[in-house]
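Note sheet for the following structure.
To find a chain, count down the sequence lines: A is the first, B the second, and so on, and within it residues start at 1.
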Amino acid sequence: MLQSFKDRIRGSRWLGYTIVGIISVPFALWGIQAYMGGGGQSEAATVNGEEIPEREVQRLVAQQRQSLNERFDGNLPDAFSDGMLRERVLEQLISRELLEQTAADANLQLGEQALAERIRGQSMFQRDGGFDRDLYRQILGRSGLTPSQYERRVRDSARVEQLRQAIRSSAFVLEPEARRLARLSGQERDVVSLRYSRDAAREAVEVGDDAVEAYYEQNQDRFQTPEQVRLAWVELDMDSLKEQVEVTEEDLRSEYESAGQRYREAAEREAAHILIEVPEDADDAAEQQALEEIRSLRERLEQGEDFAGLAEEYSDDSGSARQGGDLGFVKRGMMVEPFDEALFSLSDEGSVSDPVRTTYGYHLIKLKGLREREQKPFEEVKDEIRDDLRTRRAEERFYERVEMLQNTAYENPDSLEAVADATGLSIQRSEWISRDTGEGIGSHEAVREAAFSATVLDERRNSDVIELDQRRIAVIRVRDHRQPRPKPLEDVRAEVRERLESERLERRMREWSESVVERLNAGEDAEDIAADEGVERVEHGWISRNSTEAGRNLVETAFGLASAEDGRAYADLTLEDGTRAVLAVRDVRYPDVSETALTRTRERRARIQAEAELRSWMEALRAEADIVRRDGGGQSRQR
Amino acid sequence: MVDYATEEEQVEALKRWWRENGKSIIAGAALGILALVGWRGWTWHEQTQALEASALYDQVSARMRDGDRDQVVAAAEQLREDYGSTTYAALGALAAARAAVDAGDTDAAADWLRWAMERSGDAELEYLARARLARVEAANARVDEGLALLDVDPPAAWAGLYGEIRGDLLTENGDPEAAAEAYRDALDAEVPPPDPAAVQRKLNEVQAAEADRGGDGEEAS
């Protein structure tokens, strides 16, 4: 094999050249791995083959969660679920990756000088009004980045920004375009409306007893009891298992010995601070002023002035200022990160930090005392250990039994007796439960869904294990079933009447407005119709799009009409208070567009145009890209 | 492989082999190295070009922020002359077009945009330049040329934006029926046009004009 290969090489000189050429290609491409990332680790998504590491997604989710927590003072609304945050973070990362690739493909570059300027200009690396190399190293070190990694990041994001900015800042609106928009939004319409109130319509509607009966007969299906079942079920509950768990003194001792750090106090530091408040998005001048202020306080401290006194006089944290800046004992993680970092890097009691920038402003932090981790005495944590142990053992038993329950219920599908015998659980019985509501066990949606499933209801088999909540599960079966039955008329007479009445009322109002529109279309006059029908007529006069007096529905309908240039157009609508109305647009006019209105329109539209162009561009890139998301085990591909 | 009896024979065989193949191996290696050097040289050249163009483009955007139109155009011209193959030249042209529009010189704007469209070498930037150019052409009373530019069936992401412009141009051309169709397409697009409410108003207006010409004045919603 090798021999024949060699022969062939010898046979053709050009083949030889080619092979050597091919071998040297990898050298030309050497260095490419550096851009390809580590590989091997789990990725959350890939964008054109480039991986977005799961680690990065989780880091950013945690970061967002923390900053949201700060904003909401720890009461995070439920809307911010982990899933939702993750989704958002992942989409942002995908966009960023895609933009970086696009910038790289377009061979956008950032020179050394521009890079240096960018980094030097960032306020977080500045001390005493200038770039501070040590501070730069320090901050990078804290976030685990080498300067070259950080520079690569700055470069990537600067190139992306260059591209986005290029698209955004070159957007424009032409004068005639703006003029047409301004003219259209300034349009006015002359409107009159006729109104037929609910009360007037109600008077015209009569519902006799025989009509009620007829309606009841015709709509039997609407006046029925729902389909219902009664259930038998067994339930496994972690809390009651926990009550049964016995724990000996010996168990407690050995747990205490082996648990290591768990039953120890966390390290705490007693801190005080002075805050000079600056909002996060403050401009450079405000930032600078605050920095100078805090530095002068630092100097006064060095000259021997009292921390508590200064805190009382100058600190913007009014709560602590009254106590001389005292914050009491602080555990790691209780404060915002830079604060934490600074406080826990102080080691001598009585020492004061350099100015620290957090989202609130600049702080001087004083370390007043330390409390290191200590093992708590056995007697003090005994109850806590007992509780932990019982929980753990209850959990173990719970999962054993779940499995047993599942298997017996499946192997003996026609009754719960075997299940009850095997697990020692008692069989319980429910009242009537419908698809939509139920008491007790029936209040769980998952239970109702299972109860009315084909297996459980039609085949009368045991259900699968149903999770009631994280600590309770159940297996159910149907013991009784009843079909929907009509409710007797006497029980539902009032309901029937009400439905019939409101149906007829709606119909009556609709018929009225339709007939009025018809008459208007036939050329009759609004005044005549109003007099004829005995309904109210309202002259709105010339209204504009932002008129509020006539009510939102009316204005929107009036301007939603494609009115002919001669003005006439009609529409019916329901007003905010339920009144039925017919409006007539009599005429349309275009007031002159003022120069200021034109300028305003043009500027506003230019912003909207820029964002929209950027968005289309971005969406087009996304549509072109090969994006693969991995959520949990599965993956989805968007092409 | 063949077995050789002695070491000398082996050496002899090696020498023979070298005589037969040495030249082609050296030539091949040289070729490889040459290709390597060429490749590296080429990327270096491209990189240098891009770096210089980047610095020049930064000037464009800085002058843009200052509102110094002449300087924007001057820098964009230099980009076009000396770095015409870079993406920066296309970005510079987009900026110069904006400066020209601001100065009221829509003819110059059209020239810049046409150049950007033809030279960008990037499909998405081309769609962007094309849409802008069509609008400028319309402002230059060259509505038919503008419409021809829009006749490219852009990807879904651009459909909303293109639909509105097409509607505008068709309105200008006195064809309310087709304009209404285009506006409706824009409103139905997956990625909406810049200001959907404004498109709705325009649709309304052209529908009125349509009705005026004898169509039926039905309600728009």
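Shortest non-hydrogen contact noted between B/W158 and A/W617 is CZ2-CA, 3.7 Å. Nearest heavy atoms, B/V101 versus A/L174: CG1-CD2, 3.9 Å. Among all heavy-atom pairs drawn from B/R98 and A/S169, the shortest one is NH1-O, 2.8 Å. Closest approach of B/K202 to A/L184, counting heavy atoms only: CG-CD1, 3.6 Å.
Ranked by non-hydrogen atom pairs under 4.5 Å with chain B, the options A/A612, A/S616, A/A620 are led by A/S616. Considering only heavy-atom pairs separated by less than 4.5 Å from chain B, the leading option among A/Q162, A/R615, A/E177, A/E619 is A/Q162. In terms of heavy-atom pairs under 4.5 Å with chain A, the best-connected choice from B/V37, B/T106, B/L91, B/D102 is B/L91. Of the listed residues A/E175, A/E611, A/R605, the one with more heavy-atom pairs under 4.5 angstrom with chain B than any other is A/R605.
Considering only heavy atoms from C-beta on, B/R201 comes within 4.5 Å of A/S185 through its side chain.
Between the B/N204 side chain and the A/F559 main chain, a donor and an acceptor come within less than 3.5 Å of each other. Looking at B/R135, its side chain does come within 3.5 Å of a backbone N or O of A/F172 through a donor-acceptor pair.
Using non-hydrogen atoms only and a strict 4.5 Å limit, the part of residues 51-59 of chain B facing chain A consists of B/L51, B/S54, B/Y57, B/D58.
Environment of CD in B/E145: crowded, with over 12 heavy atoms of neighbouring residues, nucleotides or ligands closer than 6.0 Å. A/D284 CG: 12 or fewer foreign heavy atoms inside a 6.0 Å radius. For B/R114, the CZ atom counts as densely surrounded, since its 6.0 Å shell holds more than 12 non-hydrogen atoms of other residues, nucleotides or ligands. Heavy-atom neighbours of B/E46 CD from other residues, nucleotides or ligands within 6.0 Å: above the threshold of 12.
Of the two parts of B/L94, the backbone and the side chain both hold a non-hydrogen atom closer than 4.5 Å to a non-hydrogen atom of chain A. A/R607 does not touch chain B: none of its heavy atoms, backbone or side chain, sits under 4.5 Å away. For a residue to count as touching a neighbouring chain, one of its non-hydrogen atoms must lie under 4.5 Å from one of that chain's; by this rule A/R180 touches chain B with the side chain only. For B/V136, the parts lying under 4.5 angstrom from a heavy atom of chain A are both the backbone and the side chain. Within the 4.5 angstrom heavy-atom criterion, only side-chain atoms of A/R604, from C-beta onward, approach chain B. If you measure heavy-atom distances from A/A171 to chain B, the contacts under 4.5 Å come from both the backbone and the side chain. Proximity to chain A (any heavy atom under 4.5 Å) is shown, for B/Q47, by both the backbone and the side chain. B/L113 touches chain A through its side chain: at least one heavy atom from C-beta onward sits under 4.5 Å away, while N, CA, C and O do not.
For the residue pair B/Y88/A/Q109, the side-chain donor-acceptor check at 3.5 Å is not satisfied.
How far CG of B/D122 is from CG of A/L163: 8.0 Å, rounded to the nearest 0.5 Å. Between the OG atom of B/S61 and the CZ atom of A/R168 there is a distance of 12.5 Å, given to the nearest 0.5 Å. A distance of 7.5 Å separates CG in A/L181 from CG in B/D168, rounded to the nearest 0.5 Å. In this structure, CD in A/E613 is found 13.0 Å from CD in B/E124, a value given to the nearest 0.5 Å.
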From CA spacing to verdict: side chain to side chain contact (heavy atoms under 4.5 Å, CB included), B/T87, A/L108: CA-CA 7 Å; B/T87 305; A/L108 298 194; 4.1 Å; yes
From CA spacing to verdict: side chain to side chain contact (heavy atoms under 4.5 Å, CB included), B/L125, A/I167: CA-CA 9 Å; B/L125 283 182; A/I167 291 173; 4.2 Å; yes
